[in-house]
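A short write-up of the structure that comes next.
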There are 2 protein chains.
Amino acid sequence: MKEKKEDRRISRTRRLMHEALMALIVEKGYEAITVQDILDRADVGRSTFYAHYRDKDELLLSSFEHLRTLFEEQQQAILESRRTGKAPAVNLILELFRHIGEHHKLYKAIAGKQSGEMIVKYLHRYLYNLLIEPLTALIKNRKSFSVPIEITTHYLVSSLLSLMTWWLDNNMPYSAEKMDEIFRVLTTPCIEAAFGRKVEKKGAESLSGEPDGSVKAFYSHFIDIDCCPDK
Amino acid sequence: MKEKKEDRRISRTRRLMHEALMALIVEKGYEAITVQDILDRADVGRSTFYAHYRDKDELLLSSFEHLRTLFEEQQQAILESRRTGKAPAVNLILELFRHIGEHHKLYKAIAGKQSGEMIVKYLHRYLYNLLIEPLTALIKNRKSFSVPIEITTHYLVSSLLSLMTWWLDNNMPYSAEKMDEIFRVLTTPCIEAAFGRKVEKKGAESLSGEPDGSVKAFYSHFIDIDCCPDK
DNA sequence: TATTTTATCGAACACAATGTTCCATAACGA
DNA sequence: TCGTTATGGAACATTGTGTTCGATAAAATA
């Protein structure tokens with residue numbers, strides 16, 4: 001399972017090209033960038049670029065996957081420390097907002113208005129696969145669901161992404177915690193509406209009274225989701 | 001205010017180019033189309049194309065705006081007949097799904113790829129401006145709102161668009177009426193959650209009991225929205 | 001109908017960007 | 001040190017874009 005040592009030149013070239021791409025996206029937007037721009041900025045030869053990536057898109061995708069790996073490793077570490085120590089429960093959505101906030105310059109370049117739809121679609125698939133399983137498990141405790149599970153999941157992911165892009169495009173006027181709360185407020189009652197009520201009745205407090213009760217109950221389903229179960 | 005008579009040749013050329021673009025989008029997708037393709041299909045000269053449109057995008061946008069005009073005229077007619085006659089209330093969301101369903105071939109081609117991104121952004125702005133006013137009016141009857149109005153509107157529009165693209169991408173497995181209902185089920189409780197409760201209490205039935213009661217009450221705010229108030 | 005106006009055609013053109021090929025060279029790992 | 005290989009750089013074919021211009025055909029107008 002050990003990674004082979006990579007030739008210094010390869011990692012150096014890749015790093016230079018990634019850095020060049022990110023800087024250029026911030027400067028002039030992804031669409032306006034030409035391969036030549038990247039070559040000039042990174043100071044690498046034309047043939048070298050095509051030896052590594054088929055085109056501009058593949059370079060961007062590769063940059064993004066690096067971020068994803070970073071996030072997954074962080075989450076794995078947190079989950080690990082939760083199992084052994086006494087760390088608090090992991091809130092995947094909050095961690096996502098935090099992660100994006102930490103790398104907001106890159107994400108703004110990657111997922112904001114300036115970049116293509118490509119990455120957002122990638123993220124959509126990623127989050128969809130992340131949520132479809134726990135959500136499917138969730139409906140098993142429900143009496144009835146009026147909206148098909150695929151639509152609800154698609155809907156939830158789109159909602160999350162729309163909040164994320166809004167957050168980035170508007171220069172993050174709220175904290176990650178606040179955005180997490182907003183997401184919770186906006187989506188939790190939808191899950192309730194889409195999936196029906198719980199089979200086991202826990203009392204009236206989850207159906208009426210302060211909304212916090214039911215909100216928390218529903219939101220707890222987003223807690224401790226393993227973001228990379230295949231590892 | 002009368003429109004000047006347009007040279008027959010102009011309208012003919014434009015019509016040919018629009019038809020060619022639409023046919024080509026259905027065939028091979030917008031991204032893959034070159035200006036030359038359009039010229040060949042429409043059988044017009046290269047210089048003629050650039051005499052009318054700056055580029056491919058402008059032609060697509062012009063085509064799309066034709067669809068929008070069609071929709072708005074339909075809606076105006078319906079609203080008119082509602083004022084004079086005894087037509088039922090107008091449901092904007094439902095009408096939107098119907099309109100898209102009617103032109104699903106075009107919308108599906110348009111909403112899938114990167115070109116779709118341009119149109120989807122256009123649609124987003126359009127719907128945002130359509131909804132921001134009635135939603136702002138709505139919160140005036142509310143005691144408190146925990147989520148800023150801009151976020152909620154952005155969220156709602158994204159939700160609607162995500163349902164629309166899902167519908168198209170999955171070959172419209174449900175009727176427009178069903179999609180309208182799904183949208184209602186998914187979003188109505190969110191508005192409630194985001195905007196807080198009504199100032200005037202209408203009784204307990206809006207807070208507990210069958211969800212249909214409050215859902216209907218909230219959803220009624222989407223009824224009879226004039227989609228083109230500037231006319 | 002005769003005249004004027006103008007939209008179109010078609011070819012040629014400059015230009016920008018892509019992606020490939022080849023080979024000498026420099027940097028790398030062992 | 002030595003074999004390996006990533007890189008540099010230039011040349012090249014290719015594709016698509018957007019412009020120009022004069023001849024022509026088709027429209028509007030008188």
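Owing to the predicted nature of the structure, the values given are computational and were not obtained by experimental measurement. Residue numbers begin at 1 in each chain, while the letters A, B, ... track the order of the sequences.
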Classify the ring geometry of [X] against [Y]: parallel below 30°, tilted from 30° to 60°, perpendicular beyond 60°.
{"X": "A/His99", "Y": "A/Phe71", "result": "tilted"}
{"X": "A/Tyr53", "Y": "A/His18", "result": "tilted"}
{"X": "A/His124", "Y": "A/Tyr128", "result": "parallel"}

What does the inter-axis angle of the helix from C/dT1-D/dA30 to C/dA30-D/dT1 come out as, five pairs per end, nearest 10 degrees? 40°
For the NE2 atom on A/His66, are there more than 12 heavy atoms of other groups (residues, nucleotides or ligands in this structure) within a distance under 6.0 Å? no
What is the distance from [atom1] of [X] to [atom2] of [N], rounded to the nearest Å?
{"X": "A/Asp40", "N": "D/dG9", "atom1": "CG", "atom2": "C1'", "result": "13 Å"}
{"X": "B/Glu31", "N": "D/dG16", "atom1": "CD", "atom2": "C1'", "result": "14 Å"}
{"X": "B/Ile38", "N": "D/dT17", "atom1": "CD1", "atom2": "C1'", "result": "12 Å"}
{"X": "A/Leu16", "N": "D/dA6", "atom1": "CG", "atom2": "P", "result": "16 Å"}
{"X": "B/Phe49", "N": "D/dT19", "atom1": "CZ", "atom2": "C1'", "result": "14 Å"}
{"X": "A/Arg12", "N": "D/dA6", "atom1": "CZ", "atom2": "P", "result": "14 Å"}
{"X": "A/Met17", "N": "D/dA6", "atom1": "CE", "atom2": "P", "result": "13 Å"}
{"X": "B/Leu39", "N": "D/dT19", "atom1": "CG", "atom2": "P", "result": "14 Å"}

Donor on one side chain, acceptor on other, A/Asp40 and A/Gln36, under 3.5 Å: yes
Any donor-acceptor N or O pair under 3.5 Å, side chains B/Tyr174, B/Asp180: no
Is there a side-chain polar atom (N or O) of B/Tyr50 under 4.0 Å from OP1 or OP2 of D/dT19? no
Any B/Arg8 side-chain nitrogen or oxygen under 4.0 Å from OP1 or OP2 of D/dA28: yes
Check this for me: does any side-chain nitrogen of one of A/Glu95 and A/Arg98 sit under 4.0 Å from a carboxylate oxygen of the other? yes
Looking at B/Arg15 and B/Glu19, does any basic side-chain N land under 4.0 Å from a carboxylate oxygen? yes
Considering only heavy atoms and no angle criterion, is a donor-acceptor pair shorter than 3.5 Å present between the side chain of A/Arg46 and the base of D/dG8? no
Going by modelled atom types, is there a donor-acceptor pair between the base of D/dG9 and the side chain of A/Ser47 at under 3.5 Å? yes
Between D/dT5, D/dA27, D/dG8, which nucleotide gets closest to the side-chain atoms of B/Arg9? D/dA27
If you assign each of B/Asp7 and B/Gln36 to its closest nucleotide in DNA chain D, which residue comes earlier from the 5' end? B/Gln36
Mark yes or no for whether A/His104, through its side chain, and A/Leu168, through its backbone, hold a donor-acceptor pair below 3.5 Å. no
Quick one: label B/Asp43 by what it contacts on the DNA or RNA (base, sugar-phosphate, nothing), any heavy atom closer than 4.0 Å. sugar-phosphate
About how many Å separate CD1 of B/Ile33 and NZ of B/Lys28, when rounded to the nearest 0.5 Å? 6.5 Å
Segment of DNA chain C, first to last nucleotide, that comes within the 4.0 Å heavy-atom reach of chain A: C/dA17 to C/dA30
